[in-house]
Novice: 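Mind having a look at this structure? Questions to follow.
Within every chain, numbering begins at 1; the chains are lettered A, B, ... in the order of the sequence lines, protein sequences first and strands thereafter.
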Protein chains: 4
Amino acid sequence: MTDQSVIKRNRRPAARPAEILTAALDLFAEKGFSATRMEDVARRAGLSKGAVYLYFTDKTALLTAIVETTIANELKEVGARASLAPGPVAPVITEAARHISRRLTETRLPEILKLIIAESGAHPELASLYFDHAISVALPLFEGLIRRGVATGEFRPVEPAYTARSLAGGFIFSALWRSVFEPIGKPALDIPAFAEHHITLILKGLAP
Amino acid sequence: MTDQSVIKRNRRPAARPAEILTAALDLFAEKGFSATRMEDVARRAGLSKGAVYLYFTDKTALLTAIVETTIANELKEVGARASLAPGPVAPVITEAARHISRRLTETRLPEILKLIIAESGAHPELASLYFDHAISVALPLFEGLIRRGVATGEFRPVEPAYTARSLAGGFIFSALWRSVFEPIGKPALDIPAFAEHHITLILKGLAP
Amino acid sequence: MTDQSVIKRNRRPAARPAEILTAALDLFAEKGFSATRMEDVARRAGLSKGAVYLYFTDKTALLTAIVETTIANELKEVGARASLAPGPVAPVITEAARHISRRLTETRLPEILKLIIAESGAHPELASLYFDHAISVALPLFEGLIRRGVATGEFRPVEPAYTARSLAGGFIFSALWRSVFEPIGKPALDIPAFAEHHITLILKGLAP
Amino acid sequence: MTDQSVIKRNRRPAARPAEILTAALDLFAEKGFSATRMEDVARRAGLSKGAVYLYFTDKTALLTAIVETTIANELKEVGARASLAPGPVAPVITEAARHISRRLTETRLPEILKLIIAESGAHPELASLYFDHAISVALPLFEGLIRRGVATGEFRPVEPAYTARSLAGGFIFSALWRSVFEPIGKPALDIPAFAEHHITLILKGLAP
DNA sequence: CATGAATGAGGTTTCATTCAT
DNA sequence: AATGAATGAAACCTCATTCAT
């Protein structure tokens, strides 16, 4: 029945690009972009060197595609969320932050963030892309919520922009812990538990 | 008589290694480790290609030296600090955090952190080194202070390890904002101001 | 009913080889043999990459076939011509030369000559083939006529071999002008007019 | 004394570019541009693969340099020649034509012409360069002389442009015979003898 | 017959490192 | 100590050719 998965090296065009990107991300995250050879990517995707070039023009195209896919997903998720619902903002902030925390655990976001950081020098477009489509969307979202909380007296008067960054810091910390330190054998971080603690800490810090 | 100023920067062998490392860090931070050519480093340090090899065995040795120097400074600073002084810990935490904030502004720590992150795949020893000598020193230091605060009732009961990480997150955030986003033209972050805000927010969050 | 025009250029297997060769010559002449990709040839012939290999074993086979076809036509034309008719040879020379001139205008001979020249290093067989079947047929033909003219006193005593080459030079010049310089935008040469002038010049030069 | 020529692989910077170009031309002429591997060029120049790139940025740069050098020499030679001396032009034409003939024998012009023709598709700039700096200089020179001869009655009324091309044809013929057919084992052409014959034939053809 | 995905040899180019001077 | 010419391994990418469908 599943004999198709046994077949060695034939026709499965539709799945190829995603398979290649997964292989590429595995390796980029593991050894870095430039230490990864195209042939390694191909091999890990179960293809020959040349085949990768049937789907991506360039080694750089792999990187770009990884980041663009991530951004696309990011937006898809965040899009619905804006949450202009009236009432206290704390639960909204909590929920949004939990969502990010979940994405850190359930997706490869930590590795992708590491990759974007790592390549920001050689490939500034990527960092720019991520900034424009993810960071400059997420931070203002939190800023807006906090501002509202301050306005309604739910929070003490704080600088929303800085507060949003304090919140974000926890997630950056989590992402890098996972993608940088865990792979080299340092103790794992329980991201959901830390996230809960972090959210609570920040919200308590906002109490009037 | 003014020969020392005439010969300008020609013969001061003792300063060479540091000059080379500065040049290397400039370039590594700007374009990434592997996109930086040894010749560029040499040129920027005012030397010929071959001369760099008189001081460093390897391209990797440059990276290692940069990180090791940073760690050495880190330790030198932090070492004296342990601060087992009795009394409330909040001021101690504040001071320690301000110190880190200052280092982020006054040294090239942001770039070095980016570099360590970027190369953690290809050069795990570096990340390990930094972890062992900086992170696994600094985090426990904060954890200890927080634990004491909890014990004395100065703080509400929190998980010190997580709290220390929330604090650290702000600094990671600052470092990466500076080293990743500012170089690509995104708005600058006022690190000291953010640090003050961040410290206050966390400490308020710890209030019993 | 109009199915033959509807299906346009789809199924006419018999014509395929010629279509492929035309496509190949177009491209070889335009960008050179090695810069031409088999896929381009296929595309231009309205076929898939693999289909070309149903008709030709090799990329080189395309080249060979082009040259062999040309030679075959050359011979077919020249064959009948030998013209051992008695009487003055000038008109015979004129007619033969005009014939070549016509072939330069009406066939793709200029491009094929360029191709043979271009590939004479990598594919000496082709140049050899062309030499043996075209050049070493045509030159002796002119030499014979000139020799006869000299023998009968119609021409002054000249070296027939050299004279034939002077005549041939005009045609080589025409062919290369057309295939090398006109495609890069240099002024066109009126080959028939030049041929007339050239023939006259040479024949006048032969006057006793 | 000449021990320096025995030395294997050391410092001879000044001569290198010329050595490399000679090696390149040897191989380009022998096997064609694209069939020549950079490593072959290097090896023949007595260098390693990488060393060639210390002197030329590109494989194409070799080609360009060869053609540009040729053009420079061409111009240097022709420059002085303009020959506006009064009196019969036939001796001037003869001398100029002999000069070209000599260059065909004494320099590598035949091979370079073959190369330009061969690469005119892939590297039209080269053909253009040669056209603009050599052909469109030489042809008008002959045209002018012939026009003068016609004006003075030294020649019969002819079309100078065509006549110049008839003259040029002999040299193109010689060049290609030498570079295309002789290398594949066809009988050698005595270029000086043919040139004399050709010049005489053309001049006789111009007699009033 | 026809397709076009897949292969992999082969070539260009880069650059860390060496070493004669 | 310093130089910079030279080396050659390594990696990207192309494309002729094959072959399952």
Novice: Name the nucleic acid region contacted by D:Thr60, choosing base, sugar-phosphate or nothing; use a 4.0 angstrom heavy-atom cut-off, strictly under.
Specialist: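 Here D:Thr60 touches no strand at all.
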
Novice: Could you check how far CD1 of A:Ile20 sits from P of F:dC13, rounded to whole Å?
Specialist: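 My rounded result for the distance is 14 Å.
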
Novice: Of all the choices, F:dA2, E:dC15, E:dG11, which nucleotide is nearest to the side chain of B:Arg16 once you look at every atom?
Specialist: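 So the nucleotide nearest the side chain must be F:dA2.
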
Novice: In whole Å, what is the span from the CZ atom of B:Phe56 to the P atom of F:dA2?
Specialist: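 Atom CZ in B:Phe56 sits about 13 Å away from atom P in F:dA2.
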
Novice: Backbone N or O of C:Asp26 within a donor-acceptor pair of the C:Lys31 side chain at under 3.5 Å?
Specialist: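 No; judged by distance alone, with no hydrogens or angles, the pair does not exist.
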
Novice: Provide, to the nearest angstrom, the distance between the CG atom belonging to B:Asp40 and the P atom belonging to E:dT17.
Specialist: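 Between P of E:dT17 and CG of B:Asp40: 14 Å.
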
Novice: Salt bridge or not for D:Asp40 and D:Arg43, using N-O below 4.0 Å?
Specialist: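 Answer for the salt bridge query: no.
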
Novice: Please compare C:Ala51 and B:Thr57 by the position of their nearest nucleotide in DNA chain E and report the one closer to 5'.
Specialist: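 Its nearest nucleotide being more 5', the pick is C:Ala51.
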
Novice: Answer yes or no: does a side-chain N or O of B:Tyr55 lie under 4.0 Å from OP1 or OP2 of F:dA2?
Specialist: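 Yes, such a contact exists.
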
Novice: C:Arg43 has an atom CZ; how far is it from atom P of E:dA2, in whole Å?
Specialist: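 Those two atoms, CZ and P, are 16 Å apart.
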
Novice: B:Met38 has an atom CE; how far is it from atom C1' of E:dA16, in whole Å?
Specialist: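 B:Met38 atom CE is separated from E:dA16 atom C1' by 7 Å.
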
Novice: Can you tell me the Watson-Crick or wobble partner of E:dA5, both distances under 3.5 angstrom?
Specialist: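 Pairing partner: F:dT18.
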
Novice: Quickly, which of A:Leu113, A:Thr70, A:Ile66, A:Thr22 forms a side chain to side chain contact (heavy atoms under 4.5 Å, CB included) with A:Arg108? Name it, please.
Specialist: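 The residue from A:Leu113, A:Thr70, A:Ile66, A:Thr22 that satisfies side chain to side chain contact (heavy atoms under 4.5 Å, CB included) with A:Arg108 turns out to be A:Thr22.
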
Novice: What is the separation between atom CD on D:Glu19 and atom P on F:dA5, rounded to the nearest whole Å?
Specialist: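 It works out to 15 Å between those atoms.
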
Novice: The side chain of D:Asp58 is closest to which nucleotide in this list: F:dC13, E:dC15, E:dT13?
Specialist: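 Selected nucleotide: E:dT13.
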
Novice: Please check the phosphate of F:dG4 (OP1 and OP2 only) for any side-chain N or O of B:Lys49 closer than 4.0 Å.
Specialist: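 Looking at the OP1 and OP2 atoms of F:dG4, neither is under 4.0 Å from any side-chain N or O of B:Lys49.
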
Novice: When all nucleic acid strands are considered with a 4.0 Å heavy-atom cut-off, which category describes A:Thr36: base, sugar-phosphate, or nothing?
Specialist: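 Sugar-phosphate contact only - A:Thr36 comes under 4.0 Å of backbone atoms but never of a base.
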
Novice: For B:Leu54 and A:Lys59, find the nucleotide of DNA chain F closest to each by heavy atoms; which residue's nucleotide sits nearer the 5' end?
Specialist: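 Per heavy-atom nearest nucleotide, the more 5' residue is B:Leu54.
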
Novice: Between C:Glu111 and C:Lys114, is there a side-chain N and carboxylate O pair less than 4.0 Å apart?
Specialist: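 Salt bridge flag = no for C:Lys114 with C:Glu111.
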
